[in-house]
Amino acid sequence: MRSELARLARNLVRGAFLELYLTPKPGLVDLNDPGSHHDLSLERMEASLEVVSGYLCRLAESLSCGEELAKQVRLGIETEQAMLERAGTNCHKGYIFLSGLLLAAAAQAPGGGEQALSEAVAGIASRLFAQPPQGQSNGSRVCDSYGARGIRGEALEGLPALFREALPAYRRELAAGNRGSAVYAMLGRLMATVEDTTALHRCGREGLGTVQEDGRALELMVARRHDFLEFLSRRNEHYVSRNLTMGGVADLLALSFAWLCHTGELEPFPQ
Ligand SMILES: CC(C)(COP(=O)(O)OP(=O)(O)OC[C@H]1O[C@@H](n2cnc3c(N)ncnc32)[C@H](O[C@H]2O[C@H](COP(=O)(O)OP(=O)(O)OP(=O)(O)O)[C@@H](O)[C@H]2O)[C@@H]1O)[C@@H](O)C(=O)NCCC(=O)NCCS
Ligand SMILES: Nc1ncnc2[nH]cnc12
């Protein structure tokens, strides 16, 4: 199991880099610009991912040794701090949690299918969130204000954005023979369905509604073979003008990339 967890850890890092470099992405850091993140840059995100890479390697080792969940939580919290110190940002806080959760679930359901993995995610999340959260955060305040479920709801339901939305969207497009646009079908599906608390935090319900409408529009443009790259560039300008972002979509896109790397579906040649 050790080697399989180490391989998934490496793919979780690859997924985050693939998300970062996908360009254009409305409101998010990519190869063109920092989107609506004036405190970020490509270099800072790359520095942050160096920290995430070390974390995932240590987490895979901890899981292989059968250490208890409390140790994995400590590793996650320490990594959040290390990310702040190394890159001066919390830009991958959500991904630290989501990638750690998926890795921990894979340790619990070795060789199981995606349904077993989703159930293991939900089981671990129910243990993680058995106690009420300590203190407030942007997401918890937004969840209180808008009755949103956010990252906690996503985890407690077994990552439906990954297993029921993103992966099927990618596989449908791939089955139709469209390798090049499959990633954008996945991005559109996530934008259309994720209840992203960073969008709510920045621009309220109207902001989340904009992201979800744009996700549906992107899906339609991909299906009709329209110029969706021009659309995404134009929407990026609009998001920047409103300080709108979709950090939760970014993290779930990274996780989707990672899992597709792991299953070999993102590359024509098996690893
Ligand atoms: C479970 C925790 C990680 C939750 O911690 P916290 O309460 O601080 O988290 P939230 O504020 O609720 O948001 C967490 C981040 O999750 C991403 N997210 C948002 N919506 C969703 C969703 N529906 N599904 C999945 N993920 C979602 C999002 O992360 C990304 O955006 C952040 C950057 O955006 P930005 O607008 O810049 O945000 P801010 O800087 O806060 O605002 P500004 O001032 O800039 O305007 C960035 O984090 C991205 O990753 C949410 O931000 C935590 O409680 C926890 O348990 N941590 C310990 C880790 C652990 O247990 N690991 C072991 C697991 S086995
Ligand atoms: N590309 C990106 N831009 C801003 N925040 C992010 N969090 C994760 N990926 C991100």
Side-chain angles (χ1 to χ4, degrees), residues 1-13 15-16 52 55-80 92-135 137 139-140 143-144 147-171 189-190 193-197 247-249 251-263 265:
M1 176 165 78
R2 175 173 268 108
S3 62
E4 189 57 9
L5 288 178
R7 187 172 78 87
L8 178 53
R10 289 193 299 275
N11 282 316
L12 286 163
V13 177
V52 173
Y55 156 68
L56 288 165
C57 182
R58 284 190 300 279
L59 183 61
E61 189 54 32
S62 169
L63 291 162
S64 303
C65 298
E67 292 180 322
E68 76 280 3
L69 186 58
K71 172 65 184 292
Q72 281 105 46
V73 172
R74 281 197 301 276
L75 283 174
I77 292 169
E78 286 164 9
T79 304
E80 290 173 12
H92 285 111
K93 178 174 189 179
Y95 193 66
I96 288 166
F97 175 73
L98 294 171
S99 58
L101 185 59
L102 192 63
L103 196 59
Q108 261 193 24
E114 291 176 0
Q115 179 60 35
L117 201 54
S118 177
E119 288 165 5
V121 163
I124 294 168
S126 61
R127 292 171 59 198
L128 288 171
F129 300 133
Q131 305 300 327
Q134 308 288 326
S137 65
S140 63
C143 289
D144 293 344
R149 303 259 294 152
I151 191 168
R152 287 172 180 78
E154 184 65 34
L156 287 166
E157 290 160 32
L159 297 175
L162 170 65
F163 293 112
R164 295 212 295 265
E165 303 295 349
L167 296 179
Y170 179 87
R171 288 164 178 163
R189 195 82 199 112
L190 285 171
T193 56
V194 170
E195 187 191 54
D196 194 322
T197 59
V249 168
D251 288 338
L252 288 160
L253 180 64
L255 207 66
S256 305
F257 270 130
W259 186 248
L260 289 167
C261 285
H262 197 63
T263 61
E265 291 171 274

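At a cut-off of 3.5 Å, with distance as the only test, a side-chain donor of Glu114 or Trp259 sits close to an acceptor on the other residue. Checked by atom type, the side-chain pair Glu67/Ser62 shows a donor-acceptor distance below 3.5 Å.
Residue Glu68 places its CD atom among more than 12 non-hydrogen atoms of other residues, nucleotides or ligands, all under 6.0 Å distant.
Leu56 approaches Ala9 most closely through the heavy-atom pair O-CB, 3.7 Å. Tyr95 and Ala254 make their closest contact through CE1-CB, 3.5 Å (heavy atoms, listed as atom of the first residue, atom of the second, distance). Nearest heavy atoms, Ala107 versus Leu63: CB-CB, 4.0 Å. Nearest approach of Tyr55 to Ser99, heavy atoms of both residues: CE2-OG, 4.2 Å. Closest non-hydrogen pair, Leu102 versus Leu8, comes out as O-CD2, 4.4 Å. Minimum heavy-atom separation, Ser64 to Leu5: OG-CD1, 3.6 Å.
You'll find the ring centres of Tyr170 and Phe163 outside the 6.0 Å limit.
Taking CG of Leu101 as the start and CD of Gln72 as the end, the distance is 11.0 Å to the nearest 0.5 Å. Leu128 CG to Leu69 CG: the interatomic distance, rounded to the nearest 0.5 Å, is 5.0 Å. Remark: Thr79 OG1 to His92 NE2 distance equals 13.0 Å, nearest 0.5 Å. Atom-to-atom distance recorded for Gln108:CD and Leu117:CG is 10.0 Å, nearest 0.5 angstrom.
For the pair Arg58 (side chain) and Leu75 (backbone), a donor-acceptor distance under 3.5 Å is absent. Without hydrogens or angle criteria, Glu154 side chain to Ala161 main chain gives a donor-acceptor distance under 3.5 Å. For the pair Asn11 (side chain) and Ala258 (backbone), a donor-acceptor distance under 3.5 Å is absent.
Arg7 is listed as a side-chain neighbour of His262, based on a closest heavy-atom distance under 4.5 Å. Side-chain contact check for Thr193 versus Arg189: some heavy-atom pair is nearer than 4.5 Å.
At a threshold of 4.0 Å, the pair Arg171-Glu265 counts as salt-bridged, since one of the basic side-chain nitrogens sits closer than that to a carboxylate oxygen.
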